[in-house]
Amino acid sequence: MSEIVVSLPDGSELSVAEDATVEDVAYEIGPGLGRDTVAGVVDGELVDKAAPVHDGAEIVIVTEDSDEYLRVLRHSAAHVFAQALQRLSPEAKLAIGPPTDEGFYYDVAGVDLDADDLAEIEAEMETILDEDLPIERELRPREEALATYEDNRYKREILEDEAAGEDPVSFYVQGDFEDLCQGPHVDSTGEIGAVKLLNISSAYWRGDEDNDTLTRVYGTAFESESDLEEYLTLREEAKERDHRKLGQELDLFSIPDVTGPGLPLYHPNGKKILDELSSYARSLNVDAGYDPVETPHLFRTELWKKSGHYDNYVDDMFLLDVNDEEYGLKPMNCPGHATIFDEKSWSYRDLPVRYFEDGKVYRKEQRGELSGLSRVWSFTIDDGHLFCRPDQIEREVNQVMDAIYDVLDTFDLDAHVALATRPEKSVGGDEIWERAEADLRTVLENQGIDYDLEPGDGAFYGPKIDFAFEDALGRKWDGPTVQLDFNMPERFELSYTGEDNEDHRPVMIHRALYGSYERFFMVLIEHFDGKFPFWLAPEQVRILPISDDQLGYAHRVKNELDGFRVSVEDRSWTLGRKIREAQEDRVPYMVIVGGDEQEAGTISVRDRKERERGDVDVETFRAHLESEYDEKRLEPDFIDS
Ligand SMILES: [Zn+2]
Ligand SMILES: [Zn+2]
């Protein structure tokens, strides 16, 4: 029999028999691996270990230790859900039940389910785990499959579309249950350590609103009970911290229907935070030699044609007709900045030129994809563009990275860093790509940054370094980026005069320290659970008079704290209630003034962490606040005597 060659993750190649399966490949690598094989990834697709491989295939063997294992296990849990449902409600019609990033769902019809039914189904699922039923793959003639699903039009549609022409077709069987399915699955239901049904909603068959409405049940599964517990605790915490919930409670922002989807309105409290963020970014930019610029919200589509956005991005753009001419709201700020650069002639001595702008952009995301501040139609990028000589790339990127790490430190955020290199299709010569990639690598290595290399994942116009924030709950969010661009300078024919008196193309660098304000704000709200550091807090100090008799004194203290965001609680509540309210509003400092304080001309200070000190003079408190603000401390710091 002839042999074929497959490649493995370490780049090595292996010859195997022409009819080899994923499992055969694993045994070929080693008998231990063969025994441990759960499934495989062939050319990026998760498949059953019995799936055939082909010549030139890229193969990853999935074992219990692989990242993909949880996905396999959760797909099996989806089947366990379906099995439990059929035991309890034989009339239920199964549609489709895939694994997801956080668990699985199953869409079903013909049964009336609500949230109260989930506990009973979950108990039956646990019985099925205890039964430890072997999960077996069976290939069946297509005719037989069609007959099986005579009264289930969803499965029949899958057979007719996704599995069109397949014969035999693949089923998975566990005890009294079977499902038309490509797999892969774990070996038995007992291998699933813990299951949980999370919620119930509705969904259109195949996501098409002209189709039937099905019931969708979401669940998750883990290898162990303790992993599940940990997940559920984090999930609860994430719900409590949800930026949409806190955004409303703390009166930060809203996205009302009347103003349009994905178009956030920032309320005074939210805007105070955004202004602080903006002035912090501005100070980092000015220190790094950037000049602020400003560009409008729309441009002639001429400009978008020149920049290439019109060809590649037009579906995501908002276009308008003005006096028979087409304009587009800007999806990016770069073309405006490139044009500013182009309005002047430059010598090599003038470079680098660095522009920055808090630039609002508009991108038409699918309405179904919009979510809080994380996916919106309008957002503001703390956008910076540098125009430099190739020999300046390393120094400039170094400086940008320093600023990004300043931001991470200031907010106590961790980040994952990835270097994405030249893709197959790209513009720009070999020399510039090699130089740019080497420069980015040098910066990462000199700064001692751990990073993942993502070969071929760069933009077609240049390599990039991407950051993903990791918040207090360990979740990851897209963050800052540094992107080199050899394309836009070409398209805009940007140039500078070199030492040789010839025209040269500058390299353009796109960078953002936060990413977008919207996304960053969302991360901060959830990361801090709304307890913003003093310098960001929309209300920094609340003065609580013990009785109305001290209202006048309270206002005098407020005046002495002029320059900070201070309010006086003038509602005639008990002190206890006033404190609780300030605590709920997450105000960093409370100042309590009663008769004694008024007489002595002092104050009592209580912080968000419920630490209290009496007999403080206002000047001392003011000096304390000034240093806390200037140092951007993360937590209220208790006043030393
Ligand atoms: Zn399945
Ligand atoms: Zn840009």
Side-chain angles (χ1 to χ4, degrees), residues 39 46-48 71-83 85-86 94-100 103-108 135-138 145 149 152 154-155 158-159 162-163 169-174 177-186 189 192 219 221 290 293 295 299 303-304 307-309 312-313 330-341 353-361 363 379-388 396 400 459 461-462 464-466 480-489 491-492 494 506-516:
L46 190 59
V47 296
D48 194 277
R71 216 177 160 78
V72 177
L73 182 128
R74 285 168 172 173
H75 187 176
S76 303
H79 282 209
V80 171
F81 161 78
Q83 182 172 23
L85 179 67
Q86 288 213 312
L94 303 175
I96 194 161
T100 63
F104 63 85
Y105 67 79
Y106 216 115
D107 286 348
V108 298
I135 304 176
E136 276 155 352
R137 184 167 187 245
E138 275 180 23
Y149 289 124
N152 183 330
Y154 309 107
K155 294 290 185 196
I158 294 173
L159 276 167
E162 281 90 330
V169 291
S170 155
F171 276 74
Y172 280 82
V173 182
Q174 60 202 45
F177 175 78
E178 59 180 29
D179 203 357
L180 172 70
C181 177
Q182 291 291 338
H185 286 280
V186 297
T189 59
I192 305 166
Y290 286 73
V293 293
T295 60
F299 290 118
L303 185 76
W304 305 117
S307 68
H309 288 100
N312 298 307
Y313 215 78
K330 58 178 178 184
M332 290 184 195
N333 299 302
C334 346
H337 293 185
T339 308
I340 296 174
F341 181 87
V353 169
R354 310 177 187 94
Y355 297 143
F356 84 89
E357 174 182 17
D358 280 342
K360 191 154 291 244
V361 297
R363 297 182 193 169
F379 57 98
T380 304
I381 304 175
D382 66 305
D383 220 348
H385 293 99
L386 296 111
F387 303 86
C388 68
E396 291 308 307
V400 173
Y461 51 76
K464 58 177 181 168
I465 299 174
D466 282 332
T481 122
V482 191
Q483 294 203 353
L484 268 47
D485 189 342
F486 317 130
N487 181 49
M488 211 171 285
R491 286 181 160 270
F492 281 80
L494 304 181
V507 172
M508 190 169 173
I509 303 177
H510 312 252
R511 48 103 278 182
L513 305 179
Y514 298 142
S516 81

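Both counts, for ligands and for their atoms, begin at 1 and track the order of listing.
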Can you name the side-chain contact (heavy atoms from CB on, under 4.5 Å) partners of Pro506, sequence neighbours left out? Phe341, Leu351, Phe387, Leu494, Tyr496
Below 4.5 Å, heavy atoms only, C-beta onward: do Pro335 and Phe492 meet side chain to side chain? yes
Tell me if a side-chain donor or acceptor on Asp485 pairs with a main-chain N or O of His510 at a distance below 3.5 Å. no
Do Arg491 and Tyr461 form a cation-pi contact, if we require the NZ or CZ to be under 6.0 Å from the six-membered ring centre and within 45 degrees of the ring's axis? no
The criterion is side-chain contact (heavy atoms from CB on, under 4.5 Å); which residues satisfy it with Thr380, sequence neighbours excluded? Asp358, Lys360, Tyr517, Glu518
Given Gln174, which of Gln83, Glu136, His185 fulfils the side-chain hydrogen bond (donor to acceptor under 3.5 Å, both in side chains) condition? Gln83
Anything protein N, O or S sitting under 2.8 Å from the Zn ion (ligand 2): count it and give me the total. 3
Which N, O or S atoms belonging to the protein are less than 2.8 Å from the Zn ion (ligand 1)? His75 NE2, His79 NE2, Cys181 SG
Can you tell me if Tyr149 uses its side chain to pair, donor with acceptor, with the backbone of Leu180 under 3.5 Å? yes
Please report the closest heavy-atom contact between Ala95 and Lys155, naming both atoms and the distance. O-NZ, 3.0 Å
Could you go step by step and tell me if Phe177 and Val80 meet the side chain to side chain contact (heavy atoms under 4.5 Å, CB included) rule? CA-CA 9 Å; Phe177 175 78; Val80 171; over 6 Å; no
